[in-house]
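Below, chain A is the first sequence line, B the second, and so on; all start at residue 1. Quick note: numbers below take in every heavy atom, side chains included, and nothing from hydrogens, waters or symmetry partners.
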Amino acid sequence: MRFGRQLRIGLNDLDEVIYGTAILASGGGGDPYLGRLILMQALQKHGPATLLDPAKVNNRWLVVALGAIGAPTVALEKFPGLTALAGAVERIEQHLQRKVDALVAAEAGGLNAVLPIALGLRLGLPVIDADGMGRAFPKGDMMTFGIYGGRAAPVIVVNDHMNAVIVDADDNRAAEELGRNAVVAMGGLAMGAIYPMSGKFFKSAAIRGTISLSRDIGRAALAASREKRDPIDAIIGYFHNQRKKARYAAKLFTGAVTRCQPKTGGGFVRGAIDLENSISGETCAIEFQNENLIVRIDGRIAALVPDIITILEEDMGDAITTENLRYGQRVTVFGLAAPDLLRTSAALEVVGPRAFGIDLDYRPIEVLKGS
Amino acid sequence: MLRVGVDIGGTNTDAAVILGDEVIGVCKTQTQDNFGEGAKSAIGEALKAARAGVADVRAVMLGTTQFTNAFTEGKRLQPSAILRICLPSSQDIEPMLDWPADLKQSLGGHIYMVRGGYEFDGREAAALDETAIRNAARNMRRRGLRNIAVSCIFSTINDTMEKRAGEIIAQEIPGALVTLSSRIGRLSLIDRENAALINASLGNLGAAIVESFANALSALGIDAPFYVSQNDGSLMSPEYAARNPVRTYSSGAANSIRGAAQLTRCDNAIVVDIGGTTTDVGVLKNHFPRERSLPGKFAGVRTNFRMPDIISIGLGGGSIVRLGKKLRVGPESVGAELNRKALVYGGDVLTATDIAVAAGRVKLGDPAHLAGLPAKETARADRLIQAMIAETVDKMKTRAEDIPVIVVGGGRILVSHDLPGAARLHIPDHAGVANAIGAAIALLSGQAEQIFDYSRTDGAEAVAAVIEKARQEAVAAGADPATLRVVDVEEIPLPYTGGKLTSVRVKVVGDPLRGGAG
């Protein structure tokens with residue numbers, strides 16, 4: 001339910017929000033199941049959450065982006081902790097000698113989009129209906145806040161023992177790398193606060209409406225499932241029918257996973273997924289670096305980073321994160337045009353194909369379709 | 001020397017006698033309320049058919065779904081407590097948070113969280129708070145709780161804290177039945193903890209079922225060791241099964257896939273198991289069932305056992321058929337009452353079995369009862385049945401290739417030999433008792449999984465260490481060390497860790513130790 005432009009999320013909206021954030025995540029963003037349970041417990045304890053319209057953010061506010069950093073596999077045992085996340089906010093306040101006024105998600109993903117909402121409920125702090133990626137990316141310096149001139153530092157990572165590492169570096173990439181190394185030393189998972197920024201800057205760089213978009217996508221898909229319609233078609237219909245905010249969306253491929261090979265290299269998990277359609281014999285190859293980067297169908301490029309490429313479970317259309325993909329799974333590859341803020345030349349330098357070692361110029365998914 | 005497999009299902013109890021590679025005697029009977037009696041008569045008849053005596057039996061393998069039924073029907077569940085060793089971590093998702101309300105209520109929702117737990121490499125993350133455990137155990141005792149599940153962060157890597165908690169609980173609660181999550185499940189605290197709680201809530205049902213089967217064997221005069229099938233189709237000792245009944249709940253699917261492999265000598269195939277109410281389609285890959293990778297739900301509760309990747313549809317020999325414009329087959333079924341309710345048996349319900357008889361594929365009952373049915377309509381229903389099966393087979397295929405399809409189970413008569421998409425179709429002899437055959441040829445297994453920092457540990461050393469851990473588990477389960485072989489090694493780099501952390505997962509299998517589990 002919306003009151004004015006405010007978005008309210010209650011227990012009844014939980015499945016829709018989680019479904020939608022996982023669709024946007026492009027194969028990353030953390031385990032949606034954990035995100036669902038953490039938000040569920042917070043909503044049961046504190047009641048519904050109200051998200052703030054980005055337009056209502058005061059220019060002089062201090063806004064900070066939050067998220068869990070580390071291995072999703074570790075998070076299956078040691079759940080992302082709200083006390084540690086609160087500790088990260090507290091350290092930012094100590095470091096900058098002022099109160100944080102509002103929280104925002106670092107990325108749109110099944111876990112990381114909802115962690116700030118759960119923390120906001122606990123701390124009584126406003127959480128903004130926005131994020132810094134409009135999807136998930138592997139690195140903190142790939143956020144729009146960095147692309148459009150913001151400073152990532154001080155980057156704070158805190159573990160459940162409330163041990164904190166504070167990284168102060170002018171270079172966003174260095175800040176991200178040092179922070180990530182600290183996370184591995186902390187047991188493979190920690191809670192992070194990054195890009196402390198003014199409300200004014202936030203409004204110039206944020207991807208707006210991420211949580212309401214997620215809820216709307218989830219609502220369309222789950223309603224379709226209940227009515228025995230195809231949930232993925234419903235999502236595509238949703239994007240095509242937004243008058244001003246219409247975005248190209250399409251099913252790129254349907255088939256089974258015939259090979260799924262994660263490889264380490266260059267500090268991140270790089271790998272390839274091969275799919276085959278058992279009826280047509282068509283093949284599909286996806287390269288990923290945590291998140292999915294490029295899709296080729298029978299050798300022809302169908303989508304390229306930063307456009308969103310998410311692999312969905314065939315029947316219910318639930319998004320599958322890269323680490324959960326296995327041989328034999330039956331899936332549909334879903335493609336979605338990236339938000340405009342990720343398609344500028346400044347953005348493509350940081351999140352375009354070449355930033356991931358793919359020697360190709362970016363071409364939008366809707367253009368590739370016709371080629 | 002003979003191996004005897006027994007499958008006690010909801011409807012039928014099957015037995016198969018195997019000599020070397022050959023099936024030499026089988027028997028199919030109805031499951032009885034006292035299922036030990038049913039097992040006794042099935043084994044006796046199968047041995048008679050094999051012209052073998054009880055002295056020739058070297059081992060007996062039991063597959064059963066009795067525990068599953070107890071839990072899914074919510075009957076006989078004991079109030080149970082969960083003690084999670086986790087603080088200061090993992091407190092923002094409480095145990096049983098997303099359980100169905102009625103199940104949570106029947107267990108009582110007794111939740112305790114105490115300090116302790118490990119890092120991914122088995123190092124202590126927080127010291128174990130023994131005082132808190134003792135206080136929790138005393139509180140459980142005051143509440144009259146005897147069935148206790150214990151979970152701990154990364155207990156699959158290091159189970160010391162879970163064991164210590166088990167000791168303290170045993171001291172404080174005389175006669176407590178303690179389930180340690182590290183004995184039950186795999187990496188993923190919630191799924192493993194759920195499985196441990198389900199196991200705890202079954203109380204001494206596991207012991208009771210194992211005992212009644214042991215009694216049936218001794219009444220027959222069989223003194224060979226027996227084993228119980230678990231979810232992935234491998235075996236466990238009766239002592240282990242008595243304490244861990246939850247590990248049996250999906251053994252039927254794995255057994256039928258392995259049984260199908262044995263009957264056809266195929267290494268790779270799609271296996272279609274058609275029962276009275278449902279059809280399960282699975283994949284045989286390199287002689288073993290292909291396992292599902294994502295957590296499954298058991299009575300609405302998420303768990304992550306290693307178990308076969310199966311698609312089930314509501315189609316079986318007893319499926320109710322509606323002819324006419326709104327042609328439908330299933331999912332409703334007459335189930336175990338097929339022998340009374342189907343038209344060919346003089347009943348008044350049109351079933352999928354009647355359609356198979358009308359199609360002339362099989363002679364059963366009295367076909368004269370079908371005389372009034374419009375032939376065009378029954379032919380359409382038959383085509384629908386073939387299409388339902390073909391579509392499910394197709395979903396399980398990963399490639400557009402010619403892979404054999406094996407059909408087993410009591411409802412196999414539904415399948416036409418020209419099933420679309422199945423270039424090579426096998427409906428082997430004894431296909432009706434594939435479950436029991438799969439149980440008879442099952443192996444013992446051991447599994448282990450561990451996370452390593454590959455910037456510090458050599459990959460080959462890491463794999464060797466995990467293989468050794470899996471071997472130890474297989475030997476503890478009763479495997480002959482000389483027969484152990486590694487069937488699966490997975491090295492999965494963990495994302496977002498700078499390429500440093502890698503998860504290593506190993507499965508080994510072996511034959512039963514001669515003379516039993518010791």
Shortest non-hydrogen pair, A:Q41 vs B:Q91, comes out as NE2-O, 3.3 Å
Heavy-atom pairs under 4.5 Å with chain A are the metric here; pick the option from B:K285, B:R123, B:E193 that has the most.
B:K285
Any B:D394 side-chain heavy atom under 4.5 Å of A:S278 side chain
yes
Charged N-O contact under 4.0 Å between A:R122 and B:D92
yes
Reported OG1-to-CG distance for the pair A:T73 and B:L501, which is rounded to 0.5 angstrom
9.0 Å
Counting heavy-atom pairs closer than 4.5 Å to chain B, which one of A:H161, A:E313, A:M40 comes out on top?
A:H161
Please report the interatomic distance CD1(B:I93) to CG(A:L39), rounded to the nearest 0.5 Å.
10.5 Å
Sequence neighbours excluded - salt bridge (charged side-chain N to carboxylate O under 4.0 Å, His left out) pairs with any residue from residues 66-83 of chain A
A:E77-B:R192, A:K78-B:E119
B:I311 versus chain A, the contacting section by heavy-atom distance below 4.5 Å:
side chain
Measuring only between side-chain heavy atoms, which start at C-beta, is B:I190 closer than 4.5 Å to A:L34?
yes
On a heavy-atom basis, which atom in B:D98 and which in A:Y33 lie closest, and how many Å separate them?
OD2-OH, 2.8 Å
Heavy-atom count check: over 12 atoms from other residues, nucleotides or ligands less than 6.0 Å from B:R302 CZ?
yes
For the CG atom on A:N12, are there more than 12 heavy atoms of other groups (residues, nucleotides or ligands in this structure) within a distance under 6.0 Å?
no
Pick from A:I69, A:I38, A:L325: which one has the most heavy-atom pairs with chain B under 4.5 Å?
A:I38
For atom CD of B:Q105, decide whether the heavy atoms of other residues, nucleotides or ligands shown that lie under 6.0 angstrom number more than 12.
no
When A:E291, A:M162, A:E282, A:K45 are compared by non-hydrogen pairs under 4.5 Å with chain B, the top option:
A:E291
Can you sort out the partners of B:E162 under salt bridge (charged side-chain N to carboxylate O under 4.0 Å, His left out), two or more places apart, ordered by chain and number?
none
